[in-house]
Colleague: 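Have a look at this one before I ask anything.
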Amino acid sequence: MLSKYDEFLCHQTTNYLNEVNTSERNWTEKVWGAASNHDGSIMLDWGFGKYINRNVMDAFGIVVINGKQYNVRASRELQPDVDEITVGPLSYEILEPLYKIRVVLDENDQGISFDIVFDGTFPISEEPHSFQKKKGVVVSDARRFYQYGTVSGTVTVEGKTYVVKSEEWSAARDRSWGIRPIVGLPPKGSGWCMAEGLDDQGMEPPPSNLLSVVIEFAGAQFKDYALHYWQVKTEDGHVLQTMGSHISYRYGHPNCGDPRKEVSISSVDHSTEFDPDTGRPTSARATIEASDGRKMTMDFKLQSFCFAGAGGYFGYKNWNHGKWMGANVVEGEVLDLTDADDMAGLLNRYDDYACEVTCDGEIGHGLYNITTAAKIEIPQ
């Protein structure tokens, strides 16, 4: 089907641009972002997903304030509006590619709305190509990039509007596309235990040698530089993988600021302290060694907390990214983050924390994410 994007001279196959060159149902295009003010009193999370071979587009918007989390989830039939990044009250607009985007959550039944513009103050950082096969079947073939910056605009909660000022807020976003294993409802027993569905008919059963892991993402931005990394560890702290780890330097727009090139991070020694009563992380420390020989120690002071799983990660209330929910569905709720009943079973499943970060005496701001919902196959 022809779309407005076919006017642009950017085709790479004979397909129209609203098609992909595979019938793989797990083909995914996603964006995600998070922002908070520097004292951590207000936090935002948002995300959009496009699943061409599932005929689905979905999105979520979250506001955390005064110990409450306001969630809005939306899903729609993708066709025929494949070239519009709009789902229910949520919309995403690319104002300037690789630099500036706008995210809007219009008024809805949950009593929140926002209209914010993300400005990239640091260059894009690219994660290495993710490609994985299991027994000859491609299970991951994806690309991802990250960017740190600021946001400006407004946030309204239950009739009260807060002005978002770029000098008082920090933000991060990522963009990914390709074949990913966590789309729709995985087969029962597949290891993504928070999102198990029915057994796939006629498929080989999942392996029995699954290992529970903790996935941690952390990043921060300072006056002149930003850094981020992913780390996958066993439950007892053994590091299995560190990826997507870079230090980038601030630029003036367009790219006329700090001339230093991005530096990769060669190793990360990360530790987290947990509250014995609530089980929530209270602080984290990372000792980082860069490829140029520098060693840096980062102390994360965790501020506001967001249960990002309420956006649909790993399944929540029968909702999962890429799952067909209906032609036009909007839902949500308000969670009391201090209430044990509201948070029962949700802790550390997919959590974002806004952070004040101290690195070698300099104070910056960033994000800490922890996920305990994943299991991987033990290498033979």
Side-chain angles (χ1 to χ4, degrees), residues 1 3 15 17-33 45-62 71-92 103 127 130-132 134 137-144 173-201 203 206 215 307-332 349-350 352 369 371 373-375:
M1 180 184 294
S3 70
N15 290 15
L17 287 180
N18 68 349
E19 303 171 353
V20 291
N21 204 31
T22 176
S23 60
E24 169 59 59
R25 69 177 182 175
N26 284 355
W27 177 273
T28 303
E29 296 253 12
K30 293 185 75 69
V31 296
W32 165 88
D45 251 53
W46 67 85
F48 294 77
K50 180 179 181 180
Y51 316 88
I52 285 181
N53 293 332
R54 289 175 175 266
N55 194 28
V56 171
M57 177 176 280
D58 54 26
F60 68 89
I62 295 174
N71 308 314
V72 176
R73 294 177 295 276
S75 181
R76 70 168 173 89
E77 183 177 15
L78 179 61
Q79 298 285 355
D81 299 320
V82 296
D83 49 12
E84 300 296 331
I85 315 176
T86 302
V87 192
L90 287 144
S91 61
Y92 183 89
V103 185
E127 185 178 292
S130 172
F131 186 83
Q132 184 182 13
K134 286 187 178 180
V137 178
V138 174
V139 294
S140 176
D141 184 6
R143 296 280 186 179
R144 184 193 304 268
R173 71 180 184 108
D174 80 14
R175 168 82 173 87
S176 61
W177 63 96
I179 297 170
R180 300 175 62 175
I182 316 168
V183 180
L185 286 178
K188 185 177 181 180
S190 63
W192 296 101
C193 54
M194 250 56 78
E196 289 181 344
L198 298 174
D199 289 306
D200 271 355
Q201 297 299 310
M203 296 294 290
I215 302 174
F307 167 53
Y313 291 100
F314 306 127
Y316 180 69
K317 292 187 174 181
N318 198 39
W319 192 286
N320 201 66
H321 289 172
K323 179 185 176 183
W324 172 262
M325 300 299 295
N328 186 13
V329 178
V330 180
E331 65 176 44
R349 276 181 46 190
Y350 193 91
D352 287 338
N369 174 287
T371 305
K375 294 184 181 181

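All values derive from a computational prediction rather than experimental measurement.
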Colleague: Rounded to the nearest 0.5 Å, how far does CG of Leu78 lie from CH2 of Trp324?
Modeller: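 The CG atom of Leu78 is 9.5 Å from CH2 of Trp324, to the nearest 0.5 Å.
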Colleague: Over 60° means perpendicular and under 30° means parallel, so tell me whether Tyr313 and Phe60 are parallel, tilted or perpendicular.
Modeller: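 If you compare the ring of Tyr313 with that of Phe60, the planes turn out perpendicular.
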Colleague: For the residue pair Ile179 and Ala142, what are the closest heavy atoms and their distance?
Modeller: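 Heavy atoms of Ile179 and Ala142 come nearest at O-CB, 4.0 Å.
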Colleague: Is Arg54 close to Asn26 at the side-chain level, that is, under 4.5 Å between some pair of heavy atoms?
Modeller: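 When only atoms from C-beta onward are counted, Arg54 and Asn26 do touch, with a gap below 4.5 Å.
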Colleague: Got a sec, which residues hit side-chain hydrogen bond (donor to acceptor under 3.5 Å, both in side chains) with Glu24, two or more places apart in sequence or on another chain?
Modeller: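 For Glu24 there are no side-chain hydrogen bond (donor to acceptor under 3.5 Å, both in side chains) partners, ignoring immediate neighbours.
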Colleague: Rounded to the nearest 0.5 Å, how far apart are CG of Asn18 and CD of Gln79?
Modeller: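 It is 6.0 Å, given to the nearest 0.5 Å.
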Colleague: With a 4.5 Å cut-off on side-chain heavy atoms, are Tyr51 and Lys30 touching?
Modeller: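 Yes, at least one pair of side-chain atoms sits under 4.5 Å.
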Colleague: Tell me the closest heavy-atom pair linking Thr371 and Asn369, and the distance in Å.
Modeller: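 Here Thr371 and Asn369 meet closest at OG1-OD1, 3.3 Å.
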Colleague: Looking only at the aromatic ring of each residue, does the gap between the centers of Tyr316 and Tyr350 stay below 6.0 angstrom?
Modeller: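 Tyr350 vs Tyr316: aromatic centres not under 6.0 Å.
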Colleague: Please determine whether side chain to side chain contact (heavy atoms under 4.5 Å, CB included) holds for the pair Tyr92 and Val31, giving the CA-CA distance in whole Å, both sets of side-chain angles, and the decisive distance to 0.1 Å.
Modeller: CA-CA 9 Å; Tyr92 183 89; Val31 296; 3.7 Å; yes
Colleague: Between Val330 and Val72, does a side chain to side chain contact (heavy atoms under 4.5 Å, CB included) hold up when you go through it step by step?
Modeller: CA-CA 7 Å; Val330 180; Val72 176; 4.2 Å; yes
Colleague: Which pair of non-hydrogen atoms, one from Leu90 and one from Ala74, has the smallest distance, and what is that distance?
Modeller: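 Nearest heavy atoms, Leu90 then Ala74: CD1-CB, 4.4 Å.
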Colleague: Give me the atom names and distance for the closest heavy-atom approach of Gly311 to Ile62.
Modeller: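 Gly311 and Ile62 have their closest heavy atoms at N-CD1, 4.1 Å.
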Colleague: Any Lys/Arg nitrogen of Lys50 or Glu29 sitting under 4.0 Å from an Asp/Glu carboxylate oxygen of the other?
Modeller: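 No salt bridge links Lys50 with Glu29.
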Colleague: Hey, does Asp81 have a side-chain heavy atom less than 4.5 Å from the side chain of Met57?
Modeller: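 No. Closest side-chain heavy atoms not under 4.5 Å.
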Colleague: So Arg180 and Arg144, do their side chains get closer than 4.5 Å, heavy atoms only?
Modeller: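 Arg144 vs Arg180: side chains touch.
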Colleague: Can you name the closest pair of heavy atoms from Asn53 and Val20 and give their distance?
Modeller: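 For Asn53 and Val20, the tightest heavy-atom pair comes out as ND2-CG2, 3.8 Å.
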